[in-house]
Amino acid sequence: IKSQKWGLFFLIIFVILAQVMFGVIFGKYLQSIKQLSVIKKWPIFPVALMGILGYRILIAVPYVGWLVCLVGALIGWGALLIVKRRFLSE
């Protein structure tokens, strides 16, 4: 039973990290848009916060929010796996 509790704990942590990773990716995408040239010089932290906020707004939209959440979770999990693979290969 104890191992199940730890598994659930790590699942929750990784779901939150996946959302943060997708928020950072989404923020960097917004930073690359030419019409938003004002934020090109921003450091990573405000860009990540803007991406996470945009992601949270998008998943709140009825009928499509679940799809955005699913895609965001998959992209975030993929980014976490890439980081894990690179970290372990060093």
message: Would you say Tyr55 ends up clustered with Ile52 if hydrophobic residues are merged whenever their side chains have heavy atoms under 4.5 Å apart, either directly or through other cluster members?
response: no

query: With hydrophobic residues grouped by side-chain heavy-atom distances under 4.5 Å, do Leu17 and Val15 end up in a single group?
result: yes

query: Do Ile57 and Ile33 belong together in a cluster built from hydrophobic side chains that touch within less than 4.5 Å?
result: no

message: Using a 4.5 Å cut-off between side-chain heavy atoms of Ile, Leu, Val, Met, Phe, Trp and Tyr, which other residues end up in the same hydrophobic cluster as Leu49?
response: Phe45

Identify every side-chain donor-acceptor pair in residues 62-85 under 3.5 Å, counting partners at least two apart or on other chains, and give the distances.
from	atom 1	to	atom 2	distance (Å)
Trp66	NE1	Tyr63	O	3.1

task: Apply ring pair (Phe, Tyr, Trp, His ring centres under 6.0 Å) to Phe9 and list each qualifying residue two or more places apart in sequence or on a separate chain.
output: Trp6

Determine all donor-acceptor pairs shorter than 3.5 Å in which one atom belongs to a side chain in residues 19-31; sequence neighbours excluded.
from	atom 1	to	atom 2	distance (Å)
Gln19	OE1	Arg56	NH1	3.3
Lys28	NZ	Gln31	OE1	3.2
Gln31	NE2	Ile39	O	3.0
Gln31	NE2	Lys40	O	3.2
Gln31	NE2	Trp42	O	3.3

